[in-house]
Amino acid sequence: MGPHSLNVKSFFGILLIFAFLTCFAIAEIHYHGFVIESKPVKRLCRTHETVTVNGKFPGPTLEVRDGDSLVIKAINKAKYNVSLHWHGIRLLRNPWADGAEHVTQCPIRPGMSYTYRFTIHNQEGTLWWHAHSKWLRATVYGALIIYPKLGSPYPFPMPRREIPILLGEWWDRNPMDVLRLATFTGAPPNLSDAYTINGQPGDLYRCSNKETVKFQVKSGETILLRVINSAMNQDLFFGVANHKMTVVAVDASYTKPFTTNVIMIGPGQTTNVLLTADQPPARYYMAAHAYNSGNAAFDNTTTTAILKYKSTKRRQSSKPIFPQLPGFNDTVTAIAFTSQLRSHSKVDVPVHIDERLFITVGLGLINCPNPNSPRCQGPNGTRFAASMNNVSFIFPRRNSLMQAYYQGQPGVFTTDFPPVPPIQFNYTGNVSRSLWQPAPGTKLYKLKFGSKVQIVFQDTSIVTVEDHPMHTHGYQFYVVGSGFGNFNPRSDPAKFNLVDPPERNTIGTPPGGWVAIRFVADNPGIWMIHCHVDAHLTWGLAMAFLVENGVGELQTVQPPPLDLPRC
């Protein structure tokens, strides 16, 4: 019995060691070189020198599995400073890889390089990457797809194929010049000239018919569309003619499936949908156009791609069938869509809250001493601004926030961001013009490691109400509630969903309303929160959390890499 027992123990010990080593063997390290440089790109009849990655627009799709690591060497051969952000990746203890220019790193200067290194921790689904330097994001972006670990299935029927759908915006000029002009005048930036699907405008734009993106399907097969809103400044409605879509995930988080004719997707957000080719063989348009929630000008064009059935017939209908998209200002449909989102199963929502923040988000106007100045071309001789709790965020220049904090350099930022508005008012009513001008500042808010946080983002009617897609770096959060009008702290929390709220990294404020999120501050570092409408970010609609270290190495920011760019 003795020797036999020993052999059995040895056998099981070997099995355990093998299983342990297998787990590590499955996780891969993916090495990529991203060369950022200008290349000629032709759209809308004209060729522009366009900033691309590896000569591609959109850039390369990154495909990994949960647990894998990425090593991406970014080589800047463009004429602009640049940084890259891995949108939605948790980056535990590693803000140095976050890529928010002058927040977690100084930019990569022309002719220089920086290697981003990070690991995927317990995430799977559709995310994306993009430049986080001024308006380079207009063309520097791509999909980041995280598959489950080997042997782990999707919590929905396995699709036959998967297709990334990147929705974007295109200017028939250099986007950096568009930004430069708007920054000079203080007026809104010029509108985009087209929306795009996977970089192509589609049939409805000039000189675009031949390049329209086409996807071929077989009758009866189910495909997974990984839809990403890479647009700079616009919420979008997306649909496929005569086809239902079943939503199964948002922002790399699985949802309870539900069926819809249309999705509303804000800049920065992702939505996975299953689509079954169950219609008569023909050609069907995929299409996207604006959801415009504010009283502001917008690009009212429509981008298209074609879903084409394989058919034994020689000829199919020459004209694709067009989907019925909601009206541009259809807030009812937009809210009806987002209100259906639920996590796939019960989740662990923070209940006992340590930090409660109430943050107004919205636009503002800066009064000019000389309203007739060329630099004051906003309404009534003003300059546009934006703010959170009346603080219009100013990006530092002589260092990044994270580097200054780590190095102990004073004078770069303060930690007095207000947790509530400095002045209380009727946020969605008729706001006094004396409250329209925000105060500039580089203000952070400190959070202790492990603290449980609730933020209520309150839209305001200053200038206009609007859906502001608020994105948190370094964190996912639960969307526990939303509503129209002013948030009521006495009655509204009773309606919060604390069982299966959706988990996201970007969430829109209902126009003229509020949205509440909760998360645990378990990722030390400095992490930006901002509106993902880049015009609003330029105007200052941002802030940052300074999440302090906890106890021990696993709760402490790792040291910066040696090649971290310096300002």
Side-chain angles (χ1 to χ4, degrees), residues 38-52 55-59 130 135-143 163-179 181 188-216 225 227-242 262-265 267 282-292 296-308 316-329 533-535:
S38 292
K39 291 288 185 180
V41 175
K42 186 176 182 180
R43 298 290 187 275
L44 308 181
C45 312
R46 297 175 62 187
T47 300
H48 296 273
E49 284 296 313
T50 301
V51 181
T52 65
K56 296 181 178 180
F57 166 65
H130 59 80
W135 271 30
L136 290 181
R137 177 168 85 77
T139 57
V140 178
Y141 62 85
I163 303 174
I165 304 288
L166 291 102
L167 308 175
E169 267 181 291
W170 176 262
W171 278 261
D172 197 15
R173 66 204 78 186
N174 182 350
M176 294 291 275
D177 290 341
V178 175
L179 172 63
L181 178 63
N190 289 332
L191 299 177
S192 57
D193 296 285
Y195 298 114
T196 59
I197 295 178
N198 291 359
Q200 294 292 343
D203 284 354
L204 305 185
Y205 298 92
R206 64 186 186 274
C207 305
S208 302
N209 181 275
K210 289 183 179 179
E211 290 76 26
T212 298
V213 179
K214 299 176 178 65
F215 305 106
Q216 201 166 62
L225 303 181
V227 186
I228 302 167
N229 187 346
S230 318
M232 293 287 285
N233 298 316
Q234 194 62 60
D235 293 330
L236 295 167
F237 286 122
F238 172 84
V240 183
N242 291 11
V262 66
I263 67 173
M264 193 286 285
I265 184 167
R283 298 195 304 161
Y284 299 87
Y285 272 130
M286 294 179 179
H289 74 200
Y291 162 50
N292 188 54
F298 64 99
D299 178 351
N300 65 358
T301 62
T302 302
T303 181
T304 56
I306 295 174
L307 188 74
K308 179 182 178 182
Q316 289 183 340
S317 172
S318 59
K319 190 174 182 179
I321 301 166
F322 205 86
Q324 290 185 332
L325 294 177
F328 294 115
N329 63 348
V533 171
D534 272 42

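If you read the sequence from its start, that first residue is 1, and numbering goes on from there.
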Please name the pair of heavy atoms, one in [X] and one in [Y], separated by the smallest distance, quoted to 0.1 Å.
{"X": "Trp135", "Y": "Met176", "answer": "N-SD, 3.7 Å"}
{"X": "Leu325", "Y": "Gly239", "answer": "CD2-N, 3.6 Å"}
{"X": "Ala290", "Y": "Phe298", "answer": "CB-CD1, 3.7 Å"}
{"X": "Asp193", "Y": "Tyr205", "answer": "O-CE2, 3.6 Å"}
{"X": "Arg43", "Y": "Pro201", "answer": "CD-CD, 3.8 Å"}
{"X": "Ala241", "Y": "Tyr284", "answer": "O-CD2, 3.4 Å"}

4.5 Å side-chain heavy-atom contact, [X] and [Y]:
{"X": "Val41", "Y": "Thr52", "answer": "yes"}
{"X": "Leu167", "Y": "Thr196", "answer": "no"}
{"X": "Met286", "Y": "Leu225", "answer": "yes"}
{"X": "Pro326", "Y": "Val262", "answer": "yes"}
{"X": "Arg283", "Y": "Ile321", "answer": "no"}

Is a side-chain N or O of [X] found less than 3.5 angstrom from the main chain of [Y], in a donor-acceptor match?
{"X": "Asn198", "Y": "Pro164", "value": "yes"}
{"X": "Thr139", "Y": "Val51", "value": "yes"}
{"X": "Gln234", "Y": "Tyr291", "value": "yes"}
{"X": "Arg137", "Y": "Ala231", "value": "yes"}
{"X": "Thr212", "Y": "Ser208", "value": "yes"}
{"X": "Asn233", "Y": "Ala535", "value": "yes"}
{"X": "Asn292", "Y": "Phe328", "value": "no"}
{"X": "Glu169", "Y": "Ser192", "value": "no"}
{"X": "Ser230", "Y": "Gly168", "value": "no"}

Is there a donor-acceptor contact under 3.5 Å linking the side chains of [X] and [Y]?
{"X": "Tyr195", "Y": "Thr302", "value": "no"}
{"X": "Asp203", "Y": "Thr304", "value": "no"}
{"X": "Ser38", "Y": "Glu49", "value": "no"}
{"X": "His289", "Y": "Asp299", "value": "no"}

query = Between Phe57 and Trp170, how do the two ring planes meet: parallel, tilted or perpendicular, split at 30° and 60°?
reply = tilted

When rounded to the nearest 0.5 angstrom, what distance separates [atom1] in [X] from [atom2] in [Y]?
{"X": "Leu191", "Y": "Trp171", "atom1": "CG", "atom2": "CH2", "result": "8.5 Å"}
{"X": "Gln324", "Y": "Phe237", "atom1": "CD", "atom2": "CZ", "result": "13.5 Å"}
{"X": "Leu236", "Y": "Thr303", "atom1": "CG", "atom2": "OG1", "result": "9.0 Å"}
{"X": "Ile306", "Y": "Gln216", "atom1": "CD1", "atom2": "CD", "result": "12.0 Å"}
{"X": "Leu181", "Y": "Asn174", "atom1": "CG", "atom2": "CG", "result": "12.0 Å"}
{"X": "Ile265", "Y": "Ile228", "atom1": "CD1", "atom2": "CD1", "result": "8.0 Å"}

inquiry  = Asp177: which residues meet the salt bridge (Lys or Arg N to Asp or Glu O under 4.0 Å) condition with it, sequence neighbours left out?
reply    = Arg180

inquiry  = Tell me whether the count of non-hydrogen atoms from other residues, nucleotides or ligands lying under 6.0 Å of NZ in Lys214 goes above 12.
reply    = yes

query = Would you call Asp172 and Arg206 a salt bridge, taking side-chain N to carboxylate O under 4.0 Å as the test?
reply = yes

